[in-house]
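Scroll down for the structure; my scribbles are underneath it.
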Amino acid sequence: MLLTVDFFTPIVDDPYDFGRITAANSLSDIYAMGGTPLTAMNLLAFSCALGPEVVAEVLRGASDVCREAGVVVVGGHTIDDAEPKFGLSVMGIIHPEKIWRNAGAQPGDVLILTKPLGTGIWGTALKREIATDEDARVVIDAMATLNKEAADSVGGLAVHAATDITGFGLAGHVREMAHASDVDAKIALDVVPLHDRVKELVIEGVVPGRTAEVIAWADEFISFDDTYTDQEKEQWLNIVCDPQTSGGLLLAMPRDDAGIYLQRMGSSAVAIGRCVAGEGNVLFI
């Protein structure tokens, strides 16, 4: 049995989209372990002043995504809170000998990412009102997309290590996997998938406040090869350390299995690097 919980404050204005994104994000922890989610419970903290129609839309969005996942929402708990928050506690199952963990990657493994980066940057653009939900529609829909297909497409292939990309950004979660696996990770930045306008927004200074904390923490294990200028390094750090909401899966797979997986996933997954012998460092090349 797998049990997980996740909740956060709204990152979009539309309550229905907020419910969809939150449900997909909460369910992702089960998919990131190779499991099958079965039931969910709502965690709802909203001001009564917002009115029942707002809460109803949040719950409807979450319910629609849970239904898509084959998950039954069995109840939950609500409190009156000045700052809105929503999330889910999810129960799933997996065979104990088939659990994916964020440790176990081996030298030679291919690192695969299943969603573009940049949700934190786009969320900041929305909060600063320099972009609208309509501008961010592709990003919003990506955050509301389940990692179900990405997990199911593994079917019969070997996964040595797995995690999902969330609050510590790509750099942080690659580091966790590399450190736990006693390998180094080499990431080719020119193939890392990004949402539209991410680089443009970073150049304009649209960066979440928490990114600086992630960069400061990541400084000791991140390095860039000599092809990058200091300005390019700074821009890329704001991207690879961007905290993600409902990001994709990161999979470490043997080369042959990775090739089959990429064929199954088409453009929805990208090989972004590989593991080499090392001590948990991350090199961007």
Side-chain angles (χ1 to χ4, degrees), residues 4-9 11 21-22 24-33 85 87 90 100-105 109 111-124 127 139 142-143 145 147 150-151 159-189 192-195 198 201-202 206-224 233-252 270 272-275 278-284:
T4 185
V5 62
D6 207 330
F7 66 95
F8 45 75
T9 56
I11 59 171
I21 292 168
T22 307
N25 184 75
S26 299
L27 290 163
S28 181
D29 284 340
I30 303 295
Y31 293 127
M33 296 184 72
K85 304 173 189 70
V90 184
W100 300 344
R101 306 184 190 277
N102 67 352
D109 281 352
L111 294 171
I112 296 173
L113 181 64
T114 65
K115 281 187 185 181
L117 302 181
T119 62
I121 292 163
W122 267 100
T124 301
K127 288 178 181 178
V139 182
M143 289 189 285
T145 298
N147 281 326
V159 173
H160 288 159
T163 187
D164 55 349
I165 307 300
T166 53
F168 293 104
L170 176 67
H173 290 286
V174 170
R175 155 67 173 184
E176 286 185 328
M177 180 182 290
H179 181 68
S181 304
D182 293 322
V183 298
D184 283 353
K186 289 188 175 182
I187 305 296
L189 287 177
V192 171
L194 305 178
H195 285 295
V198 165
L201 290 168
V202 166
V206 182
V207 177
R210 189 168 177 273
T211 302
E213 299 175 20
V214 179
I215 291 174
W217 165 69
D219 182 64
E220 66 180 59
F221 58 79
I222 282 182
S223 60
F224 289 81
K233 290 178 184 178
E234 181 180 356
Q235 292 170 3
W236 272 112
L237 279 172
N238 283 314
I239 294 171
V240 299
C241 293
D242 180 41
Q244 302 297 285
T245 297
S246 192
L249 299 184
L250 176 72
L251 306 174
V270 178
I272 62 169
R274 59 191 176 92
C275 297
E279 300 175 344
N281 297 308
V282 181
L283 173 63
F284 291 105

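From a predicted model like this one, the values you see are computed outputs, not experimental measurements.
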* Close side-chain approach of T163 and R101, heavy atoms under 4.5 Å -> no
* To do: Could you tell me the separation between the CG atom of L27 and the CG atom of N147, rounded to the nearest 0.5 Å?
  => 9.5 Å
* Can you measure from CD1 (I121) to CG (L194) and round to the nearest 0.5 angstrom? => 8.0 Å
* With no hydrogens and no angle check, is any side-chain donor or acceptor of R175 less than 3.5 Å from a backbone partner on G280? -> yes
* Structure fact -> Rounded to the nearest 0.5 Å, the CG atom of L170 sits from the CG atom of L111 at a distance of 9.0 Å
* Test side chain to side chain donor-acceptor pair (under 3.5 Å) applied to T166 and Q244, step by step -> CA-CA 4 Å; T166 53; Q244 302 297 285; over 6 Å; no
* To do: Report the C-alpha separation of L250 and M177 in whole Å, then their side-chain angles, then the decisive distance to 0.1 Å, and conclude whether the side chain to side chain contact (heavy atoms under 4.5 Å, CB included) test is met.
  => CA-CA 9 Å; L250 176 72; M177 180 182 290; 3.9 Å; yes
* Asked: Is the side chain of K115 donor-acceptor paired with the backbone N or O of T145 at a distance under 3.5 Å, no angle test?
  -> yes
* To do: Please confirm whether the backbone N or O of E234 pairs with a side-chain atom of N238, one donor and one acceptor, at under 3.5 Å?
  => yes
* Structure fact -> So OG1 of T245 and CG of N25: to nearest 0.5 Å the spacing works out to 6.5 Å
* Asked: Counting N and O atoms only, with roles assigned by atom type, does the side chain of S26 sit under 3.5 Å from a partner on the main chain of T22, one being a donor and the other an acceptor?
  -> yes
* Donor-acceptor under 3.5 Å (D184 side chain, N281 main chain) -> yes
* May I have the step-by-step check of side chain to side chain donor-acceptor pair (under 3.5 Å) for D164 and S28, ending in yes or no? => CA-CA 7 Å; D164 55 349; S28 181; 2.8 Å; yes
* Which class fits the ring pair H173 and F168: parallel under 30°, tilted 30 to 60°, perpendicular over 60°? -> perpendicular
* Asked: Can you tell me how far CD1 of I222 sits from CG of L237, rounded to the nearest 0.5 angstrom?
  -> 5.5 Å
